[in-house]
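Side chains are part of it too, since the values below use all heavy atoms of this structure and drop only hydrogens, waters and symmetry mates.
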Amino acid sequence: MDILILAVVIAVVVIGALGGLIVGSRRKKQLPPPPPAAPDITAPPAEPHVGDEAETPREEPRRTVEEVDLPDGSTPVVVEELPTEAPAIEIPEPTAGRLVRLRARLSRSQNVLGKGLLTLLSREHLDEDTWEEIEDTLLTSDIGVQPTQELVERLRERVKVLGTRTPAELRGLLREELVALVDPSMDRAVSTENETGGPGIVMVVGVNGTGKTTTTGKLARVLVADGNTVVLGAADTFRAAAADQLETWGERVGAHTVRGPEGGDPASVAFDAVKEGKEMAADVVLIDTAGRLHTKTGLMDELGKVKRVVEKHAPLDEVLLVLDATTGQNGLVQARVFAEVVNITGIVLTKLDGTAKGGIVVAVQRELGVPVKLIGLGEGADDLAPFEPDAFVDAIIGE
């Protein structure tokens with residue numbers, strides 16, 4: 001019996017030991033992996049300390065004033081300046097024969113006046129209806145009523161006397177009559193000789209929109225091309241950037257520009273321009289005035305003031321009225337009013353290349369009794385040409 005009990009106890013102990021071993025092995029398999037090692041982090045640099053926490057400054061070698069080498073003044077200090085490029089000075093093309101070179105610009109006027117008249121005159125029978133067409137053609141080109149009647153009358157008389165009418169004869173006949181109408185006897189040179197021995201004084205006037213400031217700049221090129229030294233007076237102080245525009249034109253040909261504050265007194269600018277022109281011994285002082293509305297009395301009075309102030313230096317040698325050829329008969333109205341305020345001595349016709357109204361040359365000369373001296377035939381810098389009656393008529397009637 002005792003042996004049986006002892007066997008049971010031993011069996012229980014053995015079974016318990018085996019169970020403990022099995023449970024222990026299972027626990028070992030389910031344990032999580034060990035955590036990874038923490039990465040090395042570099043500590044940020046320490047911030048600078050201030051106040052009581054600030055570091056004690058390190059000792060550095062120092063020099064006294066006596067130990068520092070100072071310049072003795074014997075060697076000049078050279079300060080290098082950045083080179084500034086002066087604007088290139090343009091050399092305008094010669095004005096002699098310029099109208100001949102630009103004659104193709106008058107093609108529209110040629111079609112109306114020249115080719116139109118030659119076609120009508122070449123008809124086999126010149127009856128009253130044909131002569132009325134000739135008259136209408138002349139009126140359409142803005143020659144004016146009275147000059148048209150005179151020209152038609154002379155043509156009728158000469159064609160009747162001539163008898164035969166070959167194309168060459170008709171062209172020669174028409175050329176002679178148109179040249180006579182334009183009047184080649186008028187003095188068309190821009191006057192630059194002053195009675196006082198100083199620079200010639202030229203004032204440019206006109207209404208807004210005629211291209212007056214641009215024409216003034218181109219006129220400066222014409223004068224420089226003819227061997228003159230020019231001073232520009234930017235007396236158009238009412239239009240924004242007018243002085244800048246004129247100064248740019250002057251810089252291109254080496255002309256000095258006198259200007260004042262925007263909205264300033266234009267008469268004062270004109271006065272200073274003439275004064276500087278005398279001091280610089282310039283050949284010509286060219287004064288650009290503000291664009292005037294010929295219907296505004298106050299503005300026209302201001303123009304008269306500019307003229308009076310300038311004449312305190314010397315009398316004006318030239319007053320050029322700029323007219324837009326495309327305005328036709330309206331330009332004649334402008335011309336009349338300006339002539340009452342200042343003594344107009346010459347006409348500049350602009351935009352003549354863009355119109356078929358070449359006859360305005362005749363009309364404006366008849367209206368004012370003063371010559372057309374310059375004509376604008378394009379937007380190029382050298383498209384302002386001295387007016388030459390023969391070359392103009394040749395361009396109008398074509399080959």
Chemist: Does the side chain of F392 come within less than 4.5 Å of L352's, by heavy atoms?
Modeler: yes
Chemist: Hey, does L117 have a side-chain heavy atom less than 4.5 Å from the side chain of I134?
Modeler: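 I134 reaches L117 side chain to side chain.
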Chemist: Can you measure from CG (L138) to CG (L120) and round to the nearest 0.5 angstrom?
Modeler: 9.5 Å
Chemist: Check P266 against F238 and note the closest heavy-atom contact, atom names and distance.
Modeler: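 Answer, listing the atom of P266 first, then F238: CG-CE1, 3.9 Å.
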Chemist: Identify whether the distance between the nearest side-chain nitrogen and carboxylate oxygen of D265 and K305 falls below 4.0 Å.
Modeler: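 Looking at K305 together with D265, the answer is yes, because their closest N to O distance falls below 4.0 Å.
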Chemist: For the pair E128 and R156, find out whether any cationic side-chain nitrogen is under 4.0 Å from an anionic carboxylate oxygen.
Modeler: yes
Chemist: Using a 4.5 Å cut-off on heavy atoms from C-beta on, say whether the side chain of D244 contacts that of R259.
Modeler: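 SC-SC contact between R259 and D244 confirmed.
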Chemist: Does either side chain, that of D226 or that of T95, offer a donor lying less than 3.5 Å from an acceptor on the other one?
Modeler: yes
Chemist: Please check if the number of heavy atoms outside E311 that lie under 6.0 Å from its CD is greater than 12.
Modeler: yes
Chemist: Give a yes or no answer on whether the side chain of T350 reaches the backbone of L323 with a donor-acceptor pair at less than 3.5 Å.
Modeler: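 Yes; judged by distance alone, with no hydrogens or angles, the pair exists.
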Chemist: Counting N and O atoms only, with roles assigned by atom type, does the side chain of R188 sit under 3.5 Å from a partner on the main chain of E388, one being a donor and the other an acceptor?
Modeler: no
Chemist: Could you tell me if the side chain of L151 sits less than 4.5 Å from the side chain of L178, heavy atoms only?
Modeler: yes
Chemist: Go through V269 and D236 one step at a time and tell me if the side chain to side chain contact (heavy atoms under 4.5 Å, CB included) criterion holds.
Modeler: CA-CA 9 Å; V269 176; D236 185 355; over 6 Å; no
Chemist: Please say yes or no: joined through hydrophobic side-chain contacts below 4.5 Å, possibly via intermediate residues, are I344 and V362 part of one cluster?
Modeler: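 Yes.
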Chemist: Which distance, rounded to the nearest 0.5 Å, do you find between the CD1 of I347 and the CG of L321?
Modeler: 4.5 Å
Chemist: Nearest 0.5 Å please: distance from the OG1 atom of T137 over to the NZ atom of K115.
Modeler: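 With rounding to 0.5 Å, OG1 (T137) is 14.5 Å from NZ (K115).
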Chemist: To check you understand the geometry: which heavy-atom pair defines the closest contact between G217 and L246, and what is its length?
Modeler: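 Minimum heavy-atom separation between G217 and L246: N-CD1, 4.1 Å.
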Chemist: Are V190 and V222 connected, step by step, through hydrophobic side chains (Ile, Leu, Val, Met, Phe, Trp, Tyr) whose heavy atoms are closer than 4.5 Å?
Modeler: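 Both belong to a single hydrophobic cluster.
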Chemist: So W131 and L121, do their side chains get closer than 4.5 Å, heavy atoms only?
Modeler: yes
Chemist: Do F387 and M186 sit in one hydrophobic cluster, given that two such residues count as connected whenever their side-chain heavy atoms are within less than 4.5 Å of each other, even indirectly?
Modeler: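 Per the 4.5 Å side-chain linkage, F387 and M186 are not co-clustered.
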Chemist: With rounding to the nearest 0.5 angstrom, report the CZ to NZ distance, R239 to K212.
Modeler: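 Going from CZ on R239 over to NZ on K212, the span is 7.0 Å.
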Chemist: Check P199 against A282 and note the closest heavy-atom contact, atom names and distance.
Modeler: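 Heavy atoms of P199 and A282 come nearest at CB-O, 3.1 Å.
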Chemist: Calculate, to the nearest 0.5 Å, the distance between atoms CD and OG1 belonging to E135 and T140 respectively.
Modeler: 10.5 Å
Chemist: Can you hop from V348 to L232 via hydrophobic side chains spaced under 4.5 Å?
Modeler: yes
Chemist: Answer yes if the side chains of T345 and E318 hold a donor-acceptor pair under 3.5 Å, and no otherwise.
Modeler: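 Looking only at side-chain atoms, E318 and T345 do form a donor-acceptor pair, the distance falling under 3.5 Å.
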Chemist: Work out which heavy atom in D382 is nearest to a heavy atom in P92; give both atom names and the distance.
Modeler: OD1-CB, 3.8 Å
Chemist: Which of these, T289, L286, T213, sits in a side-chain contact (heavy atoms from CB on, under 4.5 Å) with V204?
Modeler: L286
Chemist: Is there a side chain to side chain contact (heavy atoms under 4.5 Å, CB included) between T192 and D317 once you walk through the steps?
Modeler: CA-CA 7 Å; T192 57; D317 298 283; over 6 Å; no
Chemist: Could you tell me whether E340 and R336 make a salt bridge, using a distance below 4.0 angstrom between a side-chain N and a carboxylate O?
Modeler: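 Salt bridge: no.
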Chemist: For D383, which of R105, R221, R101 qualifies under salt bridge (Lys or Arg N to Asp or Glu O under 4.0 Å)?
Modeler: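 Per the salt bridge (Lys or Arg N to Asp or Glu O under 4.0 Å) rule, the option paired with D383 is R105, out of R105, R221, R101.
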Chemist: Which atoms form the tightest heavy-atom contact between V182 and Q365, and what is the distance?
Modeler: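 Distance-wise, the nearest heavy atoms are O-NE2, 2.8 Å.
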Chemist: Are I287 and I201 close enough that some pair of their side-chain heavy atoms sits under 4.5 Å apart?
Modeler: yes
Chemist: Give a yes or no on whether the backbone of G211 and the side-chain of T214 come within a donor-acceptor separation of less than 3.5 Å.
Modeler: no
Chemist: Would you say E157 has more than 12 foreign heavy atoms packed within less than 6.0 Å of its CD?
Modeler: no
Chemist: L320 versus L219: any side-chain heavy-atom pair under 4.5 Å?
Modeler: yes
Chemist: So, K373 side chain and A189 main chain: donor-acceptor pair closer than 3.5 Å or not?
Modeler: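 Side chain of K373 to backbone of A189, a donor-acceptor pair under 3.5 Å: yes, one is there.
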Chemist: Does the side chain to side chain contact (heavy atoms under 4.5 Å, CB included) test come out yes or no for R175 and D390, once each step is laid out?
Modeler: CA-CA 9 Å; R175 183 185 187 281; D390 293 318; 3.6 Å; yes
Chemist: State the CG-CE distance between L316 and M203, to the nearest 0.5 angstrom.
Modeler: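 Nearest 0.5 Å value for the CG-CE distance: 5.0 Å.
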Chemist: Compare every heavy atom of V100 with every heavy atom of A391, then report the nearest pair and how far apart it is.
Modeler: CB-CG2, 3.9 Å
Chemist: State whether the number of non-hydrogen atoms from other residues, nucleotides or ligands found under 6.0 Å of E90 atom CD is greater than 12.
Modeler: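 Counting neighbours around CD of E90, more than 12 heavy atoms of other residues, nucleotides or ligands fall under 6.0 Å, so yes.
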Chemist: Should R171 and L118 count as side-chain neighbours, where that means a heavy-atom distance under 4.5 Å?
Modeler: yes
Chemist: Name the residue from L374, V361, T215 that meets the side-chain contact (heavy atoms from CB on, under 4.5 Å) definition with L349.
Modeler: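 Filter result, single survivor: V361.
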Chemist: Stepwise, does the side chain to side chain contact (heavy atoms under 4.5 Å, CB included) test hold for D324 with V207?
Modeler: CA-CA 9 Å; D324 183 342; V207 301; over 6 Å; no
Chemist: State whether the side chain of K275 and the backbone N or O of H313 hold a donor-acceptor pair below 3.5 Å, judged by distance alone.
Modeler: no
Chemist: In terms of hydrophobic clusters joined by side-chain contacts under 4.5 Å, are I396 and V364 together?
Modeler: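 Yes; V364 is reachable from I396 via cluster members.
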Chemist: For the residue pair T229 / D283, report whether a side-chain donor-acceptor contact shorter than 3.5 Å exists.
Modeler: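 On atom types as modelled, these side chains qualify, holding a pair under 3.5 Å.
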